[in-house]
Every structure is written in C-alpha cells, then in structure tokens.
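In what follows, every heavy atom counts, from backbone to side chain, and hydrogens, waters and symmetry copies are set aside. Remember, predicted model here, so these are calculated numbers, not experimental data. Just so it is clear: chains get the letters A, B, ... in the order the sequence lines come, proteins before strands, and each one is counted from 1.
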Amino acid sequence: MAKAKPQSKKQRLKDPLNKHSFFEDVWDVARQIPKGRVTSYGAIANYLGTKMSARMVGWAMGASHFAPAKVPAHRVVNRVGLLTGKMHFGAPDAMQKLLEKEKIKVENNKVKEFEKLFWDPAKELML
DNA sequence: TAACTGACTCGGC
DNA sequence: AGCCGAGCCAGTT
C-alpha cells in the first residue's frame, strides 16, 4: 500500500483512480500513529495536502470501517484534542476506553496533555 | 438536479 | 477571550 505520499490535491482528487486511494492514504497515515499518541484530522489532511478539507479526513475515518486493515481511528481527534467522533464507535465511550488502554488520559471527552501527545505526520514522517 | 450535512479548521469581530 | 461565519469534498436526501 502506498505510503500516503503528499501530492497535488487537484491531481489526486481529479483522477478517479487516485481518488480511491484517498481513503487508503488517510487510513495508512492513521495506522502509522504510534501507540500512545494522537493526531488531528487537520494534521492528516495537511500531510495529504488537503489541509483545507479536514472534514474529508473525518469522513474517511468514518469509512475506516470498510478499511482492509484495522485503523486506530480512536487516535484521531479534532484540533483541540476533543473526542468528536466517539459517538461513531458504536459505544459512547468505546473511543475513550481504547485511548485509556494506551495510557492516554481522557477527561471530559478531551485528551489530556494533547499537545504533548500530539503526533504530526507532516513533522514525524517528514516530507 | 440542487441543497444539506458532516468524526474540521481558520480568521474575523 | 469567546462566538460567528465561511470554505472545503463527497455522499445523501
């Protein structure tokens, strides 16, 4: 699977073939999130070159259910560390439980020390 | 076919 | 410092 390399947004989205890999790219990046770390939709979007469309990342996460491999969507939160998508995990606190299982402290639907645990693909994966 | 919505983000007030 | 509006892409109604 491609390593989610950033490319021109128009180039990717314009081509139906490449478009299909948009999901895989997002999933791929999500899978690369180290255990015990979290990232934001915007960070992934930015890494993919579609930083203006963080919504699509979230939407792609929603589709992660169809992903060929498991995607740690629980490690992806919004820019303030809020567990915005926890309701989509089936159970109201499934996401929080998964996070706590990785020693990530969650309080009031928000990741504690989010800035410290924040993992930016564009920075960590560089390039 | 057009309009609305959404697991977001940024900038202005 | 907090609230409000606009922009983004795709899928749904």
Side-chain angles (χ1 to χ4, degrees):
Chain A
M1 199 143 351
K3 295 223 167 98
K5 38 185 171 164
Q7 42 182 283
S8 167
K9 137 184 167 186
K10 276 195 178 150
Q11 204 164 29
R12 186 192 321 98
L13 297 179
K14 188 167 186 182
D15 187 341
L17 251 57
N18 282 333
K19 175 181 160 190
H20 178 266
S21 55
F22 172 76
F23 286 70
E24 295 188 345
D25 283 349
V26 175
W27 298 336
D28 222 18
V29 174
R31 282 195 219 98
Q32 291 175 61
I33 301 173
K35 185 185 169 198
R37 295 293 174 100
V38 294
T39 191
S40 72
Y41 306 95
I44 296 175
N46 183 36
Y47 176 71
L48 294 177
T50 63
K51 70 174 179 187
M52 292 197 278
S53 314
R55 292 185 157 200
M56 284 303 91
V57 176
W59 178 74
M61 282 283 112
S64 67
H65 195 68
F66 303 95
K70 206 178 170 200
V71 178
H74 59 279
R75 294 185 191 141
V76 184
V77 296
N78 77 346
R79 72 176 174 91
V80 282
L82 206 59
L83 305 179
T84 51
K86 70 167 188 169
M87 345 179 142
H88 289 266
F89 274 74
D93 49 354
M95 186 175 185
Q96 179 170 337
K97 277 199 162 192
L98 286 168
L99 288 172
E100 290 178 338
K101 197 172 172 183
E102 300 188 355
K103 309 298 184 233
I104 298 177
K105 296 180 178 88
V106 178
E107 188 162 310
N108 202 16
N109 294 338
K110 191 177 66 200
V111 174
K112 270 183 146 187
E113 304 191 83
F114 170 67
E115 291 186 20
K116 199 165 104 181
L117 297 174
F118 183 71
W119 181 83
D120 187 352
K123 224 183 239 175
E124 302 297 328
L125 298 180
M126 281 294 233
L127 298 184

What distance, rounded to whole Å, do you find between the two P atoms, one in C:dC8 and one in B:dT1? 23 Å
In whole angstrom, give the distance that lies between atom CZ of A:Phe66 and atom P of C:dG11. 12 Å
Do the side chains of A:Val77 and A:Leu82 join up, straight or via other hydrophobic residues, at under 4.5 Å, putting them in one cluster? no
Of C:dC8, B:dT9, B:dA7, the nucleotide closest to the side chain of A:Ser53 is C:dC8
A:His88 has an atom NE2; how far is it from atom C1' of B:dG6, in whole Å? 8 Å
Name the nucleic acid region contacted by A:Gly42, choosing base, sugar-phosphate or nothing; use a 4.0 angstrom heavy-atom cut-off, strictly under. sugar-phosphate
Take atom C1' in B:dA7 and the same atom in C:dC3, then report the distance between them in whole Å. 22 Å
Non-hydrogen side-chain atoms of A:Asn78 and A:Ser40 separated by less than 4.5 Å: no
Any heavy-atom pair between the side chains of A:Lys86 and A:Asp93 that's under 4.5 Å? no
Find the distance A:Trp59:CH2 to C:dC8:P and express it as a whole number of Å. 18 Å
Between B:dG11 (C1') and A:Met52 (CE): distance, integer Å: 14 Å
In whole angstroms, how far is the C1' atom of B:dG6 from the CE atom of A:Met87? 12 Å
Nearest whole Å is fine: how far is B:dG6 P from A:Arg79 CZ? 19 Å
Between A:Thr50 and C:dC8, is there a contact of a side-chain N or O with OP1 or OP2 at under 4.0 Å? no
Measuring only between side-chain heavy atoms, which start at C-beta, is A:Tyr41 closer than 4.5 Å to A:Arg79? no
From CZ of A:Phe23 across to P of C:dA10 the rounded distance in Å is 9 Å
How would you label the contact of A:Ala73 with the nucleic acid (heavy atoms, under 4.0 Å): base, sugar-phosphate, or nothing? base
In whole angstrom, what separates A:His65's NE2 from C:dG11's P? 18 Å
Strictly by modelled atom types, are A:Glu102 and A:His74 linked by a side-chain donor-acceptor pair under 3.5 Å? yes
Ignoring the backbone of A:Met56, work out which of B:dT9, B:dG6, C:dG11 is nearest its side chain. B:dG6
